[in-house]
Undergrad: 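Quick one: this structure, given as structure tokens, is what I'll be asking you about.
When a ligand or atom number is given, it counts from 1 through the structure's own listing order.
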Amino acid sequence: MSSEESLSSTITDWLFINSWWLLLPFIMLLVVAAFIVAFVLLLYMISPLISPKPLKLNGAHVVVTGGSSGIGKCIAIECYRQGAFITLVARDETKLLQAKKEVEKFAINDKQVVLCISVDVSSDYNQVESVIKQAQEKLGPVDMLVNCAGTSVSGKFEEVEVDRFKKLMEVNYLGSVYPTRAVITTMKERRMGRIMFVSSQAGQIGLFGYTAYSPSKFALRGLAESLQMEIKPYNIYVTVAYPPDTDTPGLAEENKTKPLETKLISETSGVCQPEQVAKIVVRDAVQGNFNSSVGPDGYMLSALTCGMSPVTSITEALQQIITMGLFRTIALFYLGSFDSIVRRCMIQREQSKSADKRE
Ligand SMILES: NC(=O)C1=CN([C@@H]2O[C@H](COP(=O)(O)OP(=O)(O)OC[C@H]3O[C@@H](n4cnc5c(N)ncnc54)[C@H](OP(=O)(O)O)[C@@H]3O)[C@@H](O)[C@H]2O)C=CC1
Ligand SMILES: CCCCCCCCCCCCCCCC(=O)[C@@H](N)CO
């Protein structure tokens, strides 16, 4: 007896059936079921990967908090030159008016408007809600909200004043929650919209000197992920931007008190121009990409820290799946070099301290 015959007879014996072909319908049923299961699984895998329809910026109303300076101002310009109507939000009115003039230079038609609103985005929700309402009355419902208002403090943990920890959480985190809360209901009703949170590379990796700043930027990621899951069925897309050091008045201010360690470590991913950052993050928000990174280090950091964040394209998913192990290996070398920077700086400080004492 051949092995095939023995197998079929074993099966038929076992099932008390004399002719194996009686099993054919069941086998076919099994095959069909397996196909259906595979198809459903594939649909499940693909469904989060379907890219949204890009937002048309021409004629759209874009609100930019922190729009009077640095990255925010460049984001406003980038949207304006694509035909958007802009609301700039910040505290200082003179800076706002100055920025409005700069943005207006990039008009592409004579209907475009730049509106300025002076408010502290972090202090009182009702105030933020009422100014957003005013802006919507003048320029229509908000199509895209860019949460860029923010500030930074760097210094060793024990040297940062205690109230700074609270301040940074208020401005960088709550200052993004409040404007978002003020626009979300209308966006859900209209079943469209984009919300951008400007985090930082320091919102993907905790670094020496950023014990107050990093947590406020990490927090935005948690907010963004949770919110995205809630509002995706309403066709609203969230983008988190992670820029490296960027040449702005904010960075110049931060550099005045930045520890040497923080400077040396941050140099790894260099300094970008705000125009370049604005181009990339606006493009990603328009496309509805959840993640927006700048530069090669930014790309690696984002792939490495994608965790359970949503994906918005098949290419992105494949890149993450393939590169994760490799990038973790590279990251270990970076971490080693950061540790050695910190150790060298400490030794140098101690040596110069003891030299001072001897004098
Ligand atoms: N520059 C960099 O290296 C990087 C910056 N980032 C982030 O990008 C964002 C912009 O940074 P950058 O362009 O450097 O900053 P700038 O300091 O140049 O500009 C900050 C803007 O935010 C506004 N702002 C600050 N606090 C408030 C507040 N409480 N209410 C309303 N508006 C406020 C400022 O106006 P006013 O003071 O008048 O209110 C200004 O328009 C920040 O969130 C920052 O953390 C991320 C990575 C790198
Ligand atoms: C494969 C792994 C690659 C790892 C690369 C790591 C690079 C780390 C550099 C971090 C730079 C942080 C800049 C923060 C900028 C900022 O937010 C402030 N300037 C705001 O004012």
Side-chain angles (χ1 to χ4, degrees), residues 64-76 88-99 116-124 127-128 131 146-154 167-168 170-176 178-179 196-210 213-214 216-217 220 240-255 258 262-274 277-278 281 292-305 323-335 337-338 341:
V64 187
T65 75
S68 68
S69 168
I71 299 176
K73 185 169 76 184
C74 289
I75 289 177
L88 300 174
V89 180
R91 291 162 305 175
D92 186 321
E93 287 184 25
T94 352
K95 268 200 304 183
L96 274 169
L97 286 176
Q98 180 58 38
C116 291
I117 288 181
S118 164
V119 72
D120 182 338
V121 286
S122 68
S123 68
D124 173 23
Q127 215 180 341
V128 174
V131 296
V146 178
N147 291 295
C148 190
T151 181
S152 80
V153 175
S154 62
K167 186 80 200 154
L168 286 190
E170 280 172 355
V171 178
N172 296 351
Y173 175 64
L174 291 179
S176 299
Y178 295 165
M196 190 204 295
F197 296 104
V198 179
S199 175
S200 159
Q201 282 187 1
Q204 298 177 299
I205 163 176
L207 291 182
F208 189 110
Y210 282 138
Y213 178 71
S214 265
S216 72
K217 292 298 185 181
L220 292 174
V240 191
Y242 302 100
D245 269 343
T246 306
D247 185 12
T248 64
L251 181 67
E253 192 57 37
E254 184 194 58
N255 279 341
K258 208 182 243 178
T262 316
K263 271 190 198 142
L264 293 174
I265 293 171
S266 299
E267 269 170 16
T268 311
S269 55
V271 180
C272 275
Q273 288 310 308
V277 172
V281 302
S292 180
S293 60
V294 180
D297 286 289
Y299 171 79
M300 289 199 283
L301 264 179
S302 287
L304 194 57
T305 61
T323 59
M324 196 141 254
L326 173 69
F327 287 172
R328 180 60 183 161
T329 316
I330 300 173
L332 295 181
F333 286 102
Y334 275 95
L335 286 175
S337 88
F338 297 164
I341 289 175

Undergrad: Does the side chain to side chain contact (heavy atoms under 4.5 Å, CB included) test come out yes or no for Val121 and Val89, once each step is laid out?
TA: CA-CA 8 Å; Val121 286; Val89 180; 3.9 Å; yes
Undergrad: Give every pair made of an N or O atom of ligand 2 and a protein N or O atom lying under 3.5 Å apart, one pair per line with both atom names and the distance to 0.1 Å, or write 'none'.
TA:
unit_1, atom_1, unit_2, atom_2, d
ligand 2, 17 (O), Ser200, OG, 2.6
ligand 2, 17 (O), Tyr213, OH, 2.7
ligand 2, 19 (N), Asp245, OD1, 2.6
ligand 2, 19 (N), Glu254, OE1, 3.1
ligand 2, 21 (O), Ser152, OG, 3.4
ligand 2, 21 (O), Glu254, OE2, 3.3

Undergrad: Going by the rule ring pair (Phe, Tyr, Trp, His ring centres under 6.0 Å), which residues pair with Tyr213 if we only count those two or more places apart in sequence or in a different chain?
TA: Tyr210
Undergrad: Does any donor atom in the side chain of Ser68 or Gln98 lie under 3.5 Å from an acceptor atom in the other side chain?
TA: no
Undergrad: More than 12 foreign heavy atoms under 6.0 Å from CD of Gln273: is that the case here?
TA: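 Yes, the 6.0 Å shell around CD holds more than 12 heavy atoms from other groups.
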Undergrad: Protein residues near ligand 1, heavy-atom distance below 4.0 Å?
TA: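 Residues Gly66, Ser68, Ser69, Gly70, Ile71, Ala90, Arg91, Asp92, Lys95, Val119, Asp120, Val121, Ser122, Cys148, Ala149, Gly150, Val171, Val198, Ser199, Ser200, Tyr213, Lys217, Pro243, Pro244, Asp245, Thr246, Thr248, Pro249, Gly250, Leu251 each place a heavy atom under 4.0 Å from ligand 1, listed by chain and number.
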Undergrad: Output all residues satisfying salt bridge (charged side-chain N to carboxylate O under 4.0 Å, His left out) with Lys95, sequence neighbours left out; order by chain, then residue number.
TA: none
Undergrad: Looking only at side chains, do Asp297 and Ser269 share a donor and an acceptor under 3.5 Å apart?
TA: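 Per modelled atom types, Asp297 and Ser269 side chains form no pair under 3.5 Å.
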Undergrad: Please tell me if the side chains of Tyr242 and Thr305 come closer than 4.5 Å, counting only heavy atoms from C-beta onward.
TA: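 SC-SC contact between Tyr242 and Thr305 ruled out.
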Undergrad: Find out whether Pro244 and Val294 are in side-chain contact, i.e. whether some heavy atom of one side chain is under 4.5 Å from a heavy atom of the other.
TA: yes
Undergrad: Side chains of Ile205 and Leu301: does their closest heavy-atom pair fall under 4.5 Å?
TA: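 They are in contact (side-chain heavy atoms under 4.5 Å apart), so the answer is yes.
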